[in-house]
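Lettering of chains follows the sequences in order, A, B, ..., and the numbering in each one begins at 1.
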Number of protein chains: 2
Amino acid sequence: MIKGNFRYIFFDADDTLWQNEEYFREAEYRFAELLSAYGSKEDLINILTEKQEDNIPPFGYGSKTFMISMLDAAAEICGNGFDTRLYHGIKKIITDLAYHEFNLLDGVQETLEALSGKYILAVATKGDLVEQRTKYKESGLDRFFHHIEVLPNKSEEDYLEMARKLEIRPDEILMVGNAIKSDIAPVIAIGGTAIHIPYEVTWVHEIMEMPESDRIFEIKSIKDLPGLLL
Amino acid sequence: MIKGNFRYIFFDADDTLWQNEEYFREAEYRFAELLSAYGSKEDLINILTEKQEDNIPPFGYGSKTFMISMLDAAAEICGNGFDTRLYHGIKKIITDLAYHEFNLLDGVQETLEALSGKYILAVATKGDLVEQRTKYKESGLDRFFHHIEVLPNKSEEDYLEMARKLEIRPDEILMVGNAIKSDIAPVIAIGGTAIHIPYEVTWVHEIMEMPESDRIFEIKSIKDLPGLLL
């Protein structure tokens with residue numbers, strides 16, 4: 001069992017509470033299909049990935065930035081211009097992505113039910129504000145949570161700012177999530193505790209080696225949380 | 001002097017702390033210039049405004065949504081397609097908008113200086129998460145503020161959720177801002193108090209009649225705040 005004086009348990013949302021990464025991969029695949037006359041799937045996706053890396057720093061995470069990256073990629077791939085059919089095709093992919101079907105991960109509901117009342121639970125996610133909050137409402141999980149925080153980057157600075165806002169110390173943070181770069185490493189660096197639940201698909205942007213710390217715990221499924229915390 | 005047991009004074013940001021609306025109007029104007037071969041400035045801006053109204057509900061506020069609206073409008077205006085020069089022209093307008101020069105409004109710095117220490121000051125803004133937080137950091141005003149909240153819509157529900165998160169009652173909210181629809185009406189509706197500082201330009205999307213309430217105060221300039229509050 002984990003010992004600590006945690007004021008909040010924060011949960012990452014995408015790929016920790018609900019499916020997400022698959023939908024981005026599907027959108028990528030549909031983009032490559034749409035432009036298949038211009039190159040191999042792999043080449044097209046590589047160009048898209050490059051544009052994403054360029055666009056995330058100025059524009060942030062989420063579907064709208066992904067749309068800008070698709071359009072940047074299409075402008076480069078198609079040369080002189082693109083027809084409105086292609087434009088509307090890309091907008092359709094992005095609208096479907098922003099409003100995809102919603103799937104809670106296995107065990108989430110029971111786990112939150114078991115922990116709520118014993119801890120203050122909150123969501124700490126990154127991405128687009130509107131998309132994240134829409135999913136939060138749609139999930140029906142808001143009844144278990146004190147609130148949701150949408151952070152721009154999940155950097156150390158973002159976590160410190162969140163702690164200041166909530167008037168808690170960084171070592172009172174317990175973070176549960178799938179992404180080492182966003183959910184584990186920065187929380188450990190500021191003195192918090194983290195529980196890692198690996199997800200089957202990891203976005204290339206998030207790949208990072210696990211830091212060494214006795215404040216990191218790894219479990220296979222969110223269902224193992226009550227055993228660790230109650 | 002205003003009486004009340006305010007836990008926080010929340011400040012709207014765009015057009016209350018710093019200039020904003022002018023930059024959106026300038027972007028609109030540049031869009032119309034770019035497409036001037038296709039119609040009158042007025043017609044082109046009307047189409048853009050229609051697309052904005054369609055896109056704000058699914059995609060939220062901010063420059064990226066404005067880019068999608070410009071592209072939707074261009075696709076409609078140009079018919080079969082648009083060339084990459086036009087695409088890059090629109091992207092440039094949006095990048096300039098997201099990273100425009102930064103101008104604090106007159107009197108902001110001195111007013112915050114006078115109030116800080118006497119009240120807990122916070123920013124409650126809406127718009128794109130990354131853009132709003134970038135401006136907040138760039139402003140250098142973060143030293144006066146406890147934190148920033150970026151709300152998706154500034155609806156009554158958003159303000160209630162913010163109050164729950166901060167563990168304050170709605171009647172402990174004092175909100176200062178320029179937009180009746182976003183800063184005044186919803187705060188009054190949930191039992192808070194509001195100070196209105198009209199701005200010279202109002203976005204058509206925000207126009208609304210002032211509700212009647214003895215919890216609304218109107219001042220000409222942010223410089224009049226200390227007189228009302230200290």
Side-chain angles (χ1 to χ4, degrees), chain A residues 55-68 71-72 74-88 90-91 94-95 98-99 120 122 125-134 136-137 142 145-153 157-158 161-167, chain B residues 55-68 71-72 74-88 90-91 94-95 98-99 120 122 125-134 136-137 142 145-153 157-158 161-167:
Chain A
N55 284 319
I56 285 173
F59 292 117
Y61 294 90
S63 305
K64 283 174 288 190
T65 298
F66 206 31
M67 176 161 171
I68 297 176
L71 293 165
D72 284 356
E76 184 175 314
I77 292 161
C78 302
N80 287 335
F82 39 89
D83 57 23
T84 48
R85 189 196 56 86
L86 183 56
Y87 172 70
H88 288 298
I90 289 174
K91 193 178 175 195
I94 293 300
T95 309
Y99 293 90
I120 305 179
T125 180
K126 76 179 174 193
D128 182 79
L129 187 68
V130 174
E131 284 167 39
Q132 290 296 323
R133 293 179 65 114
T134 303
Y136 179 68
K137 296 284 174 201
D142 53 335
F145 289 113
H146 182 270
H147 71 273
I148 176 173
E149 296 283 344
V150 186
L151 307 177
N153 287 307
E157 198 199 341
D158 285 348
E161 202 171 316
M162 180 179 81
R164 272 198 304 277
K165 178 194 326 199
L166 300 171
E167 299 181 349
Chain B
N55 283 319
I56 285 172
F59 292 117
Y61 294 90
S63 305
K64 283 174 288 189
T65 298
F66 206 32
M67 176 161 172
I68 297 176
L71 293 166
D72 283 357
E76 185 174 312
I77 293 162
C78 303
N80 287 334
F82 42 87
D83 58 23
T84 47
R85 188 195 57 83
L86 183 56
Y87 171 69
H88 289 298
I90 289 174
K91 194 179 174 195
I94 293 300
T95 309
Y99 292 90
I120 304 178
T125 180
K126 75 179 176 192
D128 182 78
L129 186 67
V130 174
E131 283 167 39
Q132 291 296 322
R133 292 178 66 114
T134 302
Y136 178 67
K137 297 284 176 203
D142 53 336
F145 289 113
H146 182 271
H147 70 275
I148 176 173
E149 296 282 344
V150 187
L151 307 178
N153 287 307
E157 198 198 343
D158 285 348
E161 202 171 317
M162 182 179 80
R164 272 199 302 277
K165 175 185 342 190
L166 300 172
E167 299 183 349

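- At a threshold of 4.5 Å between non-hydrogen side-chain atoms, the residues Arg133(B) and Asp158(A) count as touching.
- The part of Tyr87(A) that comes within reach of chain B is its side chain, from C-beta onward, which places non-hydrogen atoms under 4.5 angstrom from that chain.
- Here the closest non-hydrogen pair linking Pro57(A) and Tyr99(B) is O-OH, 4.2 Å.
- The NZ atom of Lys165(A) sits 7.0 Å away from the CG atom of Leu166(B) when rounded to the nearest 0.5 Å.
- Most heavy-atom pairs under 4.5 Å with chain A: of the set Ala122(B), Pro58(B), Ala74(B), this distinction falls to Pro58(B).
- Counting heavy atoms from C-beta outward, Leu129(A) and Gln132(B) have side chains that stay 4.5 Å or more apart.
- Taking chain A as the reference chain and counting heavy-atom pairs below 4.5 Å, the highest number among Val130(B), Asp128(B), Leu71(B) is found for Leu71(B).
- Residues satisfying the side chain to side chain contact (heavy atoms under 4.5 Å, CB included) criterion with Lys137(B), sequence neighbours excluded, are Glu157(A), Glu161(A), Asp142(B).
- Atom NE2 of His146(A) sits about 9.5 Å away from atom CZ of Arg164(B), to the nearest 0.5 Å.
- No side-chain heavy atom of Met67(A) sits under 4.5 Å from any side-chain heavy atom of Met67(B).
- Of the listed residues (His88(A), Glu149(A), Glu76(A)), the one with the most heavy-atom contacts under 4.5 Å to chain B is Glu149(A).
- Glu131(A) does not touch chain B: none of its heavy atoms, backbone or side chain, sits under 4.5 Å away.
- Remark: the Lys64(B) side chain and the Asn55(A) side chain contain no N/O donor-acceptor pair separated by less than 3.5 Å.
- Most heavy-atom pairs under 4.5 Å with chain A, from the set Asp83(B), Ile68(B), Thr65(B): that is Ile68(B).
- Neither the backbone nor the side chain of Leu86(B) comes within less than 4.5 Å of any heavy atom of chain A.
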